[in-house]
Amino acid sequence: MSSRSKLRVIQWATGGVGKAAIECVLNHPQLELAGCWVHSADKNGVDVGRIIGTRDLGVTATNSIDEVLALNADCVMYSPLIPNDEEVVAILRSGKNVVTPVGWVYPDPRNPRHKAIADAALEAGVTLHGSGIHPGGITERFPLMLSSLSSAVTHVRAEEFSDIRTYNAPDVVRHIMGFGGTPEEAMQGPMAGLLESGFKMSVRMVADHMGFRIDPNIRTIQEIAVATSDIDYEPFPITAGTVAARRFRWQALADGEPVITAAVNWLMGEENLDPGWNFGGRGERFEVEITGDPTVSLTFKGLQPPSIAEGLQSNPGVVATANHCINAIPDVCAAEPGIKTYLDLPLFAGRPAPELAETS
């Protein structure tokens with residue numbers, strides 16, 4: 001594919017996911033970087049290569065939404081910390097497709113917010129696709145794939161087990177996730193609400209596609225463990241009595257019993273916790289389990305870093321989240337207009353290293 005026929009991609013926000021997305025675009029033979037929106041005034045006017053720590057790329061970052069929307073581009077990888085519906089509508093109406101890890105994995109057409117996004121995409125003749133990992137892949141795409149190996153399924157589970165000390169965003173860990181604060185602050189904080197929408201969509205996608213008869217309301221369970229003594233966490237103190245682990249469960253019920261479960265376990269290590277939660281001797285991982293005939297399970301390793309120090313340099317889960325979005329772009333750009341989920345798109349894949357790729 002010549003450079004003139006490559007799909008032009010704009011990166012929206014340059015946190016961990018955004019930086020990894022830029023790297024994936026640079027490695028993808030069908031894509032080229034067309035622009036970059038940044039939140040910070042300090043990054044405005046800076047070459048994107050300097051933002052991601054490589055050579056200059058000849059693409060300048062801007063904090064002007066108008067400038068980004070005026071660019072000639074095929075797709076926007078939209079990855080801010082918190083999504084803004086008005087921004088997404090504006091991107092779509094500018095004639096650009098959108099891939100994103102921050103929502104719309106399985107929208108409800110009856111939801112006015114989701115309908116507004118879908119209408120904007122349809123009117124502009126473009127497509128939006130929600131992706132990621134958890135939610136956005138391990139929570140629904142891989143359970144659906146794995147379920148085809150089983151029959152008479154009674155339960156579907158997708159679960160994350162992560163040491164949150166490897167997540168290099170201390171402000172998010174403290175003020176949004178609620179670690180290091182009181183249990184009351186954490187329970188009343190924004191984390192459950194931020195997670196809830198995505199995970200409930202994932203659970204409903206599995207239920208709908210597999211044909212489960214479920215109760216109307218998805219059950220949410222959140223639990224907290226506190227530190228029994230100080231825990232070593234460099235960015236800020238985790239002192240005795242403060243939040244040191246969090247668990248979330250979203251469950252679709254049939255006759256009051258769970259049939260689909262999406263779960264998150266975030267721990268500040270496995271020591272000095274009350275209750276004494278741990279990773280069950282299997283370390284950090286993602287798990288998918290289909291209970292049926294036969295019962296089958298799949299464990300994902302490698303999406304969490306091998307050590308805290310390495311995680312602070314590069315978190316593979318963050319990189320994989322970005323890659324899952326970027327690798328979808330050619331199929332998203334080729335799709336019919338509207339919101340398209342994994343159920344609507346063909347099977348897409350990663351690309352080989354440039355030195356191993358076919359040449360046109």
- [ ] Any pair with a residue in residues 85-100 that passes side-chain hydrogen bond (donor to acceptor under 3.5 Å, both in side chains), sequence neighbours left out, goes on the list, sorted by first then second residue, please.
- [x] Y78-E87, D85-R113, S94-K96

Open item on the list: Using a 3.5 Å distance criterion without hydrogens, assess whether the side chain of R165 forms a donor-acceptor pair with backbone atoms of D163.
Closed with: no

TODO: List the atom of L92, the atom of T127, and the distance in Å for their closest heavy-atom pair.
DONE: CD2-O, 4.3 Å

Open item on the list: Tell me every residue that passes side-chain contact (heavy atoms from CB on, under 4.5 Å) with V105, counting only those two or more places apart in sequence or in another chain.
Closed with: E140, S202, M205

Open item on the list: As an exercise, state the distance from CG of L303 to CD1 of I138, rounded to the nearest 0.5 Å.
Closed with: 5.0 Å

- [ ] Treat each ILVMFWY residue as a node, draw an edge where side-chain heavy atoms are under 4.5 Å apart, and state whether I133 and V17 are in one component.
- [x] yes

- [ ] Would you mind listing the cluster partners of V319? Hydrophobic ones only (ILVMFWY), side-chain contacts under 4.5 Å, chaining allowed.
- [x] none

TODO: Any chance you could measure E271, atom CD, to I231, atom CD1, to the nearest 0.5 Å?
DONE: 8.5 Å

- [ ] Check whether the side chains of S162 and Q304 place a donor and an acceptor atom closer than 3.5 Å, and report yes or no.
- [x] yes

Open item on the list: Under a 3.5 Å distance rule, please check whether T182 uses its side chain to pair with a backbone N or O of E185 as donor and acceptor.
Closed with: yes

- [ ] Rounded to the nearest 0.5 Å, what's the gap from CE on M201 to CG on D208? Could you check?
- [x] 12.5 Å

- [ ] Output every pair passing ring pair (Phe, Tyr, Trp, His ring centres under 6.0 Å) with a member in residues 29-71, not counting sequence neighbours, ordered by first then second residue.
- [x] W12-W37

Task: Distance (rounded to the nearest 0.5 Å) between M177 CE and L195 CG - done: 8.0 Å

Open item on the list: Let me confirm one number: the CD1-NZ distance from I52 to K19, rounded to the nearest 0.5 Å.
Closed with: 9.0 Å

Open item on the list: So, using side-chain contact (heavy atoms from CB on, under 4.5 Å) as the criterion, who are the partners of S297 when residues are at least two apart?
Closed with: E289

Open item on the list: Apply side-chain contact (heavy atoms from CB on, under 4.5 Å) to residues D47 and L57 and explain how you reach the verdict.
Closed with: CA-CA 7 Å; D47 188 283; L57 300 175; 3.9 Å; yes

TODO: Give every residue pair that meets the ring pair (Phe, Tyr, Trp, His ring centres under 6.0 Å) criterion with at least one member in residues 162-211, sequence neighbours excluded.
DONE: H134-F199, F199-W250

- [ ] Carefully, step by step, assess I164 and L267 under the rule side-chain contact (heavy atoms from CB on, under 4.5 Å).
- [x] CA-CA 6 Å; I164 213 65; L267 281 63; over 6 Å; no

Task: ring pair (Phe, Tyr, Trp, His ring centres under 6.0 Å) against F161, all qualifying residues, sequence neighbours excluded - done: none

TODO: Go through the structure and list residues passing side-chain contact (heavy atoms from CB on, under 4.5 Å) with P235, not counting sequence neighbours.
DONE: P170, Y233

Task: Donor-acceptor pair, side chain of R285 and main chain of F279, under 3.5 angstrom - done: yes

TODO: Run through the side-chain heavy atoms of Ile, Leu, Val, Met, Phe, Trp and Tyr, join any pair under 4.5 Å, and report what else lands in I51's cluster.
DONE: V38, V46

Open item on the list: When you measure from the side chain of D293 to the backbone of S151, do you find a donor-acceptor pair of N or O atoms at a distance under 3.5 Å?
Closed with: no

Open item on the list: Checking N265 against E160: is there a side-chain donor and acceptor pair closer than 3.5 Å?
Closed with: no

- [ ] Calculate, to the nearest 0.5 Å, the distance between atoms CD and CD1 belonging to Q11 and I22 respectively.
- [x] 5.0 Å

Task: Residues forming a side-chain contact (heavy atoms from CB on, under 4.5 Å) with N278, sequence neighbours excluded - done: E270

- [ ] Only pairs at least two apart or in different chains count here, so list each ring pair (Phe, Tyr, Trp, His ring centres under 6.0 Å) that has a residue in residues 287-321.
- [x] F142-F300

- [ ] Hey, could you give me each pair passing ring pair (Phe, Tyr, Trp, His ring centres under 6.0 Å) that has a residue in residues 326-353? Not counting sequence neighbours.
- [x] H129-Y342, H324-Y342, H324-F348

Task: R249 bridged to E223 by N-O distance under 4.0 Å - done: no

Task: Electrostatic pair D255:R213 at N-O distance under 4.0 angstrom - done: yes

Open item on the list: Any side-chain to backbone donor/acceptor pair from D215 onto N217? Under 3.5 Å, distance only.
Closed with: no

Task: Modelled atom types, side-chain donor and acceptor of Q222 and R246, under 3.5 Å - done: yes

Open item on the list: With heavy-atom distances below 4.5 Å as the criterion, would you say the side chains of H28 and P330 are in contact?
Closed with: yes

